[in-house]
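Computed from heavy atoms alone, side chains included, the values below leave out hydrogens, waters and symmetry copies.
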Amino acid sequence: MKLLQPYHSDALNLKNRVVMAPMTRTRADNEERMATPLIAQYYVQRASAGLIITEGTHVSPMARGSYHVPGIYTQQQIEGWRLTTDAVHEHGGKIFAQLWHEGRISHPDLLDGKLPLAPSAINPHHHAYTPSGMQETVTPKAMTVDEIRQTVHDFAQAAQNAIDAGFDGVEIHAANGYLFHQFFMKCANIRTDEYDRSIENRSRILFETLDAIKEKIDIAQVGIRLAPLMNHAQGITQDEETQQLFTYITKRLNEYGLAYLHLSGITGDQSADPLKPVLDTARYYRNIYNGTLMINTGFTRDTANRAIEEGMADLVSFGVLYIGNPDLVRRFEINAPLNASNRETFYGTGPKGFIDYPFFV
């Protein structure tokens with residue numbers, strides 16, 4: 001199967017094309033917001049993946065929007081992540097850190113009473129996971145230009161911190177209704193300065209961030225995650241310029257020599273064939289993106305292999321399947337049955353539903 005064959009590019013050398021997708025698991029239940037030995041065990045169980053992309057890790061205290069999520073902005077957090085990277089590398093794996101700022105999908109209870117930062121003061125009417133459970137989001141604070149510049153700096157420093165922690169690279173989370181995606185979309189961004197009005201201005205923060213990161217680390221160690229399909233989810237509603245905007249972003253990304261472009265398949269739609277819009281989107285962006293393309297959401301062993309065989313993508317990332325199947329690559333190799341993933345333990349604390357799924361014998 002081509003899915004199980006190695007993949008080589010100027011930026012990546014992977015033992016197979018199966019990628020573990022980034023998934024929030026909320027196991028960093030400590031005051032320092034550090035990745036722990038338990039988290040290291042979770043990732044090392046899955047080191048047979050061609051590439052692991054970690055759960056989103058916050059780039060600053062103001063980037064937080066979920067409780068018990070690890071950060072990567074203190075020396076203690078860098079050392080915590082080193083437990084994971086060392087263990088994954090010892091088992092022959094490769095691992096990228098997903099860098100995350102949740103923007104308006106947050107709550108003052110996570111930010112020492114401060115309002116969440118966002119492009120504009122528009123409530124997404126969503127929920128945030130706080131110390132007291134799920135709470136309704138509030139109207140955020142519109143970022144000043146200085147706060148935008150600080151956030152760009154935070155991402156660049158977080159990228160350096162990730163490399164210092166031993167990661168093979170980083171993925172910028174610019175998808176799924178979080179900060180960058182909020183800047184992109186008219187429903188979340190009604191600014192009247194250099195970060196709004198035109199498509200170029202709404203995407204400006206992403207390219208400023210990439211330019212800042214490449215001053216810190218090799219840009220070939222950087223991937224980007226986008227969600228061009230997302231609509232009526234996480235406070236995001238598409239508009240008449242959505243496809244034009246993501247086409248513009250993708251074409252500009254060709255200039256950077258990134259590790260990959262990762263397309264999230266989240267749509268907010270419950271269609272009869274949920275894979276069709278994902279594949280249609282993959283075909284569209286495959287025609288305009290010159291680098292490594294990774295696609296995600298709803299794939300099985302066979303549909304993923306077919307997408308790669310037909311040239312729609314180079315890599316496929318798997319989320320829920322990887323929660324329940326730490327040995328997913330082996331199960332794909334021998335076409336073994338898959339464990340069901342227990343949604344009740346996707347979030348929470350402790351090992352249950354985290355590191356206790358059985359391997360296939």
Sequence neighbours left out, what passes ring pair (Phe, Tyr, Trp, His ring centres under 6.0 Å) with Tyr322? Give chain and number order.
-> none
Salt bridge (charged side-chain N to carboxylate O under 4.0 Å, His left out) involving Glu333 - partner list, sequence neighbours excluded = Arg330
Give a yes or no on this: more than 12 heavy atoms of other residues, nucleotides or ligands lie within 6.0 Å of atom CZ of Arg197.
-> no
More than 12 heavy atoms of other residues, nucleotides or ligands under 6.0 Å from CG of Asp112: is that the case?
-> no
Please tell me if the side chains of Leu328 and Leu338 come closer than 4.5 Å, counting only heavy atoms from C-beta onward.
-> yes
Each residue besides Ile78 in its hydrophobic cluster should be listed here, by chain and number; the cluster joins Ile, Leu, Val, Met, Phe, Trp and Tyr at side-chain heavy-atom distances under 4.5 Å.
-> none
Distance, nearest 0.5 Å, that separates OH of Tyr256 from CD1 of Ile213 = 10.5 Å
Would you check if Leu99 and Ile72 make a side-chain contact, meaning some heavy-atom pair closer than 4.5 Å?
-> yes
May I ask you to decide if Thr85's main-chain N or O and His89's side chain share a donor-acceptor pair within less than 3.5 Å?
-> yes
Side chain to side chain, Phe332 and Arg301, heavy atoms closer than 4.5 Å = yes
Hey, what else clusters with Phe360 if you join Ile, Leu, Val, Met, Phe, Trp, Tyr whenever side-chain heavy atoms sit under 4.5 Å?
-> Ile334
May I have the list of side-chain donor-acceptor pairs in residues 10-21 shorter than 3.5 Å, sequence neighbours left out?
unit_1, atom_1, unit_2, atom_2, d
Asn13, OD1, His8, ND1, 2.7
Lys15, NZ, Ala47, O, 2.9
Lys15, NZ, Gly92, O, 2.9
Asn16, OD1, Val18, N, 3.0
Asn16, OD1, Gly50, N, 2.7
Asn16, ND2, Ser48, O, 3.0
Arg17, NE, Lys2, O, 3.4
Arg17, NH1, Asp314, O, 3.3

With side chains defined as the heavy atoms from C-beta onward, is the minimum distance between His107 and Leu111 less than 4.5 Å?
-> no
Using distance alone, with no hydrogens and no angle criterion, decide if Tyr357 and Ser341 have a side-chain donor and acceptor under 3.5 Å apart.
-> no
For residues 179-191, which residue pairs qualify under side-chain hydrogen bond (donor to acceptor under 3.5 Å, both in side chains), counting only residues two or more places apart or in two chains?
-> Lys186-Glu240, Lys186-Glu241, Arg191-Asp193
Which residue pairs satisfy the ring-ring contact (aromatic ring centres under 6.0 Å, His included) criterion with at least one member in residues 55-82, sequence neighbours excluded?
-> His58-Trp100, Trp81-Phe167
Any luck finding a side-chain donor-acceptor pair between Gln150 and Asp146 under 3.5 Å?
-> no
Would you find a donor on one side and an acceptor on the other, under 3.5 Å apart, between the side chain of His91 and the backbone of Gly93?
-> no
Let me check something: any side-chain donor-acceptor pairs from residues 115-126 under 3.5 Å, sequence neighbours excluded? List them with distances.
unit_1, atom_1, unit_2, atom_2, d
Ser120, OG, Ile190, N, 2.8
Asn123, OD1, His125, N, 2.7
Asn123, OD1, Thr137, OG1, 2.7
Asn123, ND2, Thr137, O, 3.1
His126, NE2, Gln234, OE1, 2.5

Any chance the side chains of Asn296 and Ser317 put a donor and an acceptor closer than 3.5 Å?
-> yes
Measure from the side-chain N and O atoms of Thr250 to the backbone N and O of Thr247, and report whether any donor-acceptor pair falls under 3.5 Å.
-> no
Sidechain-backbone polar pair: Asn290 side chain, Asn254 backbone, donor-acceptor under 3.5 Å | no
Just wondering, are more than 12 heavy atoms of other shown residues or ligands nearer than 6.0 Å to CD in Glu255?
-> yes
Within a strict 4.5 Å, meaning less than it, do heavy atoms of the Phe184 and Ser203 side chains meet?
-> yes
Should the pair Tyr178 and His173 be assigned to parallel (<30°), tilted (30 to 60°) or perpendicular (>60°) ring geometry?
-> perpendicular
Tyr289 and Tyr260 aromatic centres sub-6.0 Å | no
Taking the side chain as every heavy atom from C-beta outward, state whether Thr237 and Met185 have any pair of such atoms under 4.5 Å apart.
-> no
What pairs with Asp302 under salt bridge (charged side-chain N to carboxylate O under 4.0 Å, His left out), at least two apart in sequence or on another chain?
-> none
Please name all residues satisfying salt bridge (charged side-chain N to carboxylate O under 4.0 Å, His left out) with Asp356, sequence neighbours left out, ordered by chain then number.
-> none
Answer yes or no for Arg252 and Phe207: cation-pi contact, defined as NZ/CZ to six-membered ring centre under 6.0 Å and angle to ring axis within 45°.
-> yes
Using distance only, find each side-chain donor-acceptor pair of residues 35-45 under 3.5 Å and give its atom names and separation, not counting sequence neighbours.
unit_1, atom_1, unit_2, atom_2, d
Thr36, OG1, Leu38, N, 3.4
Thr36, OG1, Ile39, N, 3.3
Tyr42, OH, Arg25, NH1, 3.2
Tyr43, OH, Glu55, N, 2.9
Tyr43, OH, Glu55, OE2, 2.7
Gln45, NE2, Ile355, O, 2.9

When you check the side-chain N and O atoms of Gln135 and Thr130, is any donor under 3.5 Å from an acceptor?
-> yes
Regarding Glu102 and Ser66, is there a side-chain donor-to-acceptor distance under 3.5 Å anywhere?
-> yes
Residue pair Cys187 / Asp239, side-chain heavy-atom distance below 4.5 Å | no
Heavy-atom distance under 4.5 Å between the side chains of Leu261 and Met294, does that happen here?
-> no
Does the Ser60 side chain pair with the main chain of Asp154, one donor and one acceptor, at a distance under 3.5 Å?
-> no
Exam field: side chain Arg64 to backbone Gly71, donor-acceptor pair closer than 3.5 Å = no
Cut-off 3.5 Å, side chains only: do His262 and Glu171 have a donor facing an acceptor?
-> yes
Do the side chain of Asp327 and the main chain of Phe359 share a donor and acceptor less than 3.5 angstrom apart?
-> no
Is there a donor-acceptor pair closer than 3.5 Å between any side-chain N or O of Asn305 and the backbone N or O of Leu3?
-> yes
Residues forming a salt bridge (charged side-chain N to carboxylate O under 4.0 Å, His left out) with Glu147, sequence neighbours excluded = Lys141
Answer yes or no: is there a donor N or O on one side and an acceptor on the other, between the side chain of Gln77 and the main chain of Glu32, under 3.5 Å?
-> yes
